[in-house]
Q: 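Have a look at this one before I ask anything.
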Amino acid sequence: MADKYDPQEIEPRWQKQWEADGLYIAREDPDKPKWYFLTMLPYTSGDVHVGHWYPMTPSDAAARYKRMRGYNVFFPIGFDAFGLPAENAAIKRDIHPYIWTMSNIENMRRQIRSMGAMWAWDHEAITCLPEYYKWTQWFFLKFYEMGLAYWDTALVDFCPHCDTVLAREQVWGEDRHCERCKTPVIKKNVPHWKFRITKYADELLDFSQIDWPQPVRVMQTNWIGRSEGAEVVFTSEDGDDIPVFTTRPDTLWGATFMVLSPEHPLVAKLTSEECREAVEAYQAQAARLDEIARTAVDKEKTGVFIGGCAINPVNGERIPIWIADYVLMTYGTGAIMAVPGHDKRDFEFALKFGLPIIPVIAPPQDVAKSFVKAGTMREGFAAALAEAGIPFEERDGALYVTMSGDLADRYIPLAQAYIRPDSWTEVVGARWAFIFEDAFEDAVLPLGVRDDEVILARCQALESAVGDKHTVMEMLYGQEFYRDLLYHDAYGTMIHSKEFSSTPGDVAVQKVTEWLEQQGTGKFAVNYRLRDWLISRQRYWGAPIPMIHCPECGIVSVPYEDLPVLLPEDAEFLPTGESPLKLHEGFRYVRCPQCGGDAERETDTMDTFMCSSWYHYAYVSPYWKAGEKIGPDDTPWDPDAGRYWLPVDQYTGGIEHATMHLLYTRFFTKVLRDMGLVDFDEPMERLFNQGMILGEDGEKMSKSRGNVIAPDDWVSRYGADAVRAYLMFIGPWEEGGPWNPQGIEGVRRFLHRVWSVVVEESASQRIGEPAEKEIADLRRQTHQTIKKVTEDIEAFKFNTMIAALMGFDNYLMKARETEVFGTEAWDEAVDNLVLLMAPSMPHIAEEMWQRRHPGPSVHLQSWPKWDAELAKEEIITLVVQVNGKVRDRFQVAAGIDEAAAKELALASPRVQKHIAGKTVRKVIFAAGKLVNVVAN
RNA sequence: UCCUCGGUAGCUCAAUUGGCAGAGCGUCCGGCUGUUAACCGGUUGGUUGCAGGUUCGAGUCCUGCCCGAGGAGCCA
């Protein structure tokens, strides 16, 4: 039997045998714990490349492992079959999307089968088949009944290349491009259907019931973007309410102007006649900007004054109202209070347009500064400062004073005592004061809304260079020395805020919000960045939205018993950018189910993420109730099978779906729960994000780059087991990495060595009985390997798992030439090696197992258990350090106690050499590891 | 600019949670072999991104910075 390892012969043979034996048919079995292992649904692009193998084969290994651990494992597969590529193929090559898709699936099935994975093919689901999308449509009707689906017309993201609107989640990047085709999207007013995912925003922020990777949780959390604050009602001079949302009600006293979004409904009413022309021009410009591809990231603030003022409810101040495109109509209330002292955007805007900037929060550092221009102080000022212990620098006759707030309190009267009549100076930062020579009470002025003009006027009177400044802050900004103190957005003690001044930063927001509620001018409020999910697509190849627009009855649902609304097979695919369904009269024109009059069918189809939001439910009993009429009280899958298999125990897939599929499917499950169809809150309990396999050049694989690796080639050269093992060995699964054709060589050699160890005889003749120690060593290696492999596969550390198997095999290669060959311990070692390999390299493991134990499949065996006693090291290397440097080593019994170890260490001549002439201060013992002698 | 995750030998990665910095590939040397993309043994390899700190002891913990990847982008 010393034949060669021949994967090309072994692999197809076992795949056929497993199928004939029905080894991977999934059946509910109440006597066994179930384990639903799911990998993300592949899209029917037509070709399986190594990018598909990368997530699938380690998943298969993990699923097989669970099965050997006694679980009834469900590992289904199917196809995400709707979508644009099929329709584009139809337009380009005159092939029907259905034909194109199904022939792709045919090819992909063959390629996926070549992995030798334990797929439950008898549960395969294909989303574009009517018996599947019948239920997708059923979900739509249920959502509509629950008030979770609504029809709307608004400016939405539109991809001009795909000729369809997109959900906000499907617009990516700085240039806002289409997630699928990379074309920058535009804004367009298109009627569409949306799902109220925002209703579940708070619940979607709760990850307490799922074990998902932190990056996904962070991305979803950011995407949902919950922020707490207050809604505060400002009023126009005519008494119109202008509510604003703010996260910083503690800065209300620093609001020196308001900004409305250019689209804000009150703009027209509040605009004065003098400003109307400019305002309308700006609105037009802003609207045009939306439609033009936003390639330029125009950071420069723009905006115009509309001629009206608003009243700040906290202090009755009149503040000007502006419009600017940095305020979005789609977030909050479309209007903001601008606090330029503590908001960067408002600060930039105020500086550019000469609006006052008032600090109302003490800065985080207790630093105040004062700049004293040459010639503004009487003789002796510098000496007086020095005497008062106030630090300063002198450059070119000017003084630069940097001090703490307490010192600033001493500095202010001192400066006033020395200031010349024709001059002034100021203190900024931890204190704010303008110091003039006058004997009047207001010789030292704080900085407040009303004081801005007063101070500026006085400064302008004294210094002509200030003449062109609009505000005090603009003047101060001209002095480089002050800049880092003029603006900050930290929390801190409130200042310049009337009775709230000196409220500490940690309670300021809450105190002010409570007060607003008492006054009736504001209330606690929460805002989200998340938008409702736009599910309409103006295309053919998707599940038709089962709705009808009737001129008499309005929007009417298609009755449940009429589902599915079938895609017409005879649609025409023309490169017009118009949906073929719109042009198909037989599809479009229908009778109203309510009044029987002429009506029109909705021609939009659903986002394919609808299909994939519930496919893991479909898998338990695909095409449930096929051919039957269904009603609102049905369940889209066999409820008994669902109770057994659901929810998904382990999900694997790429992180690129973090804010799309993975968010949508959580939303779906919460709605299903509210429908009473499931009794859990989350679709997948555990999630693992594998990384991406890259081309040899380290770049993402793509046809245009020509770096795509076709697994078919490598399978025919090295076998599926080698490709599987190599993909696992390449590096940590979550990181991915480049394909390296040299790396697979190492794996191939490993498989040959294993074959040789397991199948071939020892080359040397046994001449005697093995020593007890040799047997113990072999068993220790065996049990340590079982432990390592088990722990690694549990943690999805496939790369180190393969490395452990390699190490064990290398050990066996050597042991084979000793007396342990052929002993009971040897057989135990080899059997365990084969069992440990079975999940990752199923074919070679099966072949080797059958040669040793003809009968039931290796994949029906139990996973080996390790014996902690046998795995334990008996002898360890005790490292001896002097002052942290290794000076000696001893082979000692693993259980050596502290006293013995210390004695041994101190007796060492090498240690003695290094502590000669020094005093031993301390001897540290780390059990089982080392002794460190501290001496000086 | 903000958030998250990374940075260890030429390359790809380990290092049992604070205790000897190691493997595979590659390199080089040797052996074996009538040599198919073969096999065996050995060799070479390090400022653990940088600078501090804590500690008897730091790749590992803390602080700051540099570089890379991903995400968010005027989100009030």
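Below, chain A is the first sequence line, B the second, and so on; all start at residue 1.
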Q: Can you tell me, in whole Å, how much space there is between the C1' of B/rC40 and that of B/rG68?
A: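 My reading of the C1' atoms in B/rC40 and B/rG68 gives 41 Å.
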
Q: Between B/rC56, B/rC74, B/rU4, which nucleotide gets closest to the side-chain atoms of A/Pro215?
A: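 Looking only at heavy atoms from C-beta outward on A/Pro215, the closest nucleotide is B/rU4.
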
Q: Without decimals, in angstroms, what is the distance between A/Met813 CE and B/rG24 P?
A: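 Atom CE in A/Met813 sits about 13 Å away from atom P in B/rG24.
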
Q: Tell me every residue that passes ring-ring contact (aromatic ring centres under 6.0 Å, His included) with A/Phe796, counting only those two or more places apart in sequence or in another chain.
A: A/Phe688, A/Trp733, A/Phe798

Q: Among the nucleotides B/rC3, B/rC39, B/rG71, which one has an atom lying closest to any side-chain atom of A/Arg749?
A: B/rC39

Q: Which one, B/rC74, B/rG41, B/rA14, comes nearest to the side chain of A/Tyr326?
A: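 It is B/rC74.
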
Q: Distance check needed: B/rA76 C1' versus A/Leu260 CG, whole Å only.
A: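 For the pair A/Leu260 CG and B/rA76 C1', the rounded distance is 13 Å.
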
Q: Under a 3.5 Å cutoff on both atom distances, Watson-Crick or G-U, what's the dot-bracket for RNA chain B ([ ] crossing, | other strand)?
A: (((((((..((((.....[..))))..((((.......))))......(((((..]....))))))))))))....

Q: Working note: A/Phe207 + A/Trp212, criterion ring pair (Phe, Tyr, Trp, His ring centres under 6.0 Å); need CA distance, chi angles, decisive distance, verdict.
A: CA-CA 8 Å; A/Phe207 298 94; A/Trp212 280 25; 7.1 Å; no

Q: Side chain of A/Arg529 only, please: which of B/rU4, B/rA72, B/rA76 is the nearest?
A: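 Nearest to the side chain of A/Arg529 among the choices is B/rA72.
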
Q: Quick one: list whatever passes ring-ring contact (aromatic ring centres under 6.0 Å, His included) with A/Trp714, sequence neighbours left out.
A: A/Tyr718, A/Trp739

Q: Whole angstrom is fine here: how far is it from CE in A/Met219 over to C1' in B/rG70?
A: 7 Å

Q: From the options B/rA38, B/rG73, B/rC3, select the nucleotide whose nearest atom is closest to the side chain of A/Trp223.
A: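 The listed nucleotide nearest to A/Trp223's side chain is B/rG73.
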
Q: Provide, to the nearest angstrom, the distance between the CD atom belonging to A/Glu169 and the C1' atom belonging to B/rG73.
A: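 My rounded result for the distance is 16 Å.
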
Q: Choosing from B/rU4, B/rG71, B/rC74, which nucleotide comes nearest the side chain of A/Lys301?
A: B/rC74

Q: I want to verify a distance call: between B/rA76, B/rG19, B/rC13, whose nearest atom is closest to the A/Leu930 side chain?
A: B/rG19

Q: Rounded to whole angstrom units, what separation is found between the CZ atom of A/Arg753 and the P atom of B/rG41?
A: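 Taking CZ of A/Arg753 and P of B/rG41, I get 8 Å after rounding.
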
Q: Taking atom P in both B/rG26 and B/rC11, what distance in whole Å separates the two?
A: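 The same atom, P, in both gives a distance of 16 Å.
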
Q: Rounding to a whole Å, what distance do you find between A/Tyr331:OH and B/rG73:C1'?
A: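 It is 13 Å, rounded to the nearest whole Å.
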
Q: Please confirm whether the backbone N or O of A/Ala658 pairs with a side-chain atom of A/Gln220, one donor and one acceptor, at under 3.5 Å?
A: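 Between the backbone of A/Ala658 and the side chain of A/Gln220 there is a qualifying donor-acceptor contact (under 3.5 Å).
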
Q: Determine whether A/Ile924 and A/Val931 satisfy the following criterion, side chain to side chain contact (heavy atoms under 4.5 Å, CB included), listing intermediate values before the conclusion.
A: CA-CA 6 Å; A/Ile924 286 137; A/Val931 175; over 6 Å; no

Q: Please tabulate, for the side chains in residues 800-807 of chain A, all donor-acceptor contacts under 3.5 angstrom to protein atoms that are two or more places apart in sequence or on a different chain.
A:
| unit_1 | atom_1 | unit_2 | atom_2 | d |
| --- | --- | --- | --- | --- |
| A/Thr800 | OG1 | A/Asp792 | OD2 | 2.9 |
| A/Thr800 | OG1 | A/Lys797 | O | 3.1 |

Q: Please state whether the base of B/rC20 and the side chain of A/Lys929 form at least one donor-acceptor pair under 3.5 Å?
A: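 There is none.
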
Q: Have a look at B/rU17 and give me syn or anti from its glycosidic angle (syn if within 90° of zero).
A: syn

Q: To the nearest Å, how far apart are A/Glu263 CD and B/rC74 P?
A: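 It works out to 14 Å between those atoms.
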
Q: One character per nucleotide, please: for nucleotides 7-12 of chain B, 5' to 3', B when the base has a protein heavy atom closer than 4.0 Å, S when only the sugar-phosphate does, - otherwise.
A: -----S

Q: Are A/Glu231 and A/Thr333 side-chain neighbours, meaning at least one heavy-atom pair lies under 4.5 Å?
A: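 Yes, side chains in contact.
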
Q: Going by modelled atom types, is there a donor-acceptor pair between the base of B/rA37 and the side chain of A/Arg748 at under 3.5 Å?
A: no

Q: Would you say A/Ser716's side chain and A/Asp713's backbone share a donor-acceptor pair under 3.5 angstrom?
A: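 Yes: the side chain of A/Ser716 pairs with the backbone of A/Asp713.
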
Q: Distance between the P atoms of B/rU27 and B/rU16, in whole angstroms?
A: 31 Å

Q: Without decimals, in angstroms, what is the distance between A/Lys787 NZ and B/rU16 P?
A: 12 Å

Q: Ignoring hydrogens and angles, tell me if any N or O in the side chain of A/Tyr282 forms a donor-acceptor pair with the backbone of A/Asp325 under 3.5 Å.
A: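 Checking the backbone N and O of A/Asp325 against the side chain of A/Tyr282, a donor-acceptor pair under 3.5 Å is found.
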
Q: Can you tell which of B/rA14, B/rA15, B/rA76 lies closest to the side chain of A/Phe245?
A: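 Side chain of A/Phe245 sits closest to B/rA76.
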
Q: Going by the rule ring-ring contact (aromatic ring centres under 6.0 Å, His included), which residues pair with A/Phe808 if we only count those two or more places apart in sequence or in a different chain?
A: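 None.
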
Q: For A/Arg168, is there an ion pair with A/Asp157 - N to carboxylate O distance below 4.0 angstrom?
A: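 Looking at A/Arg168 together with A/Asp157, the answer is no, because their closest N to O distance does not fall below 4.0 Å.
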
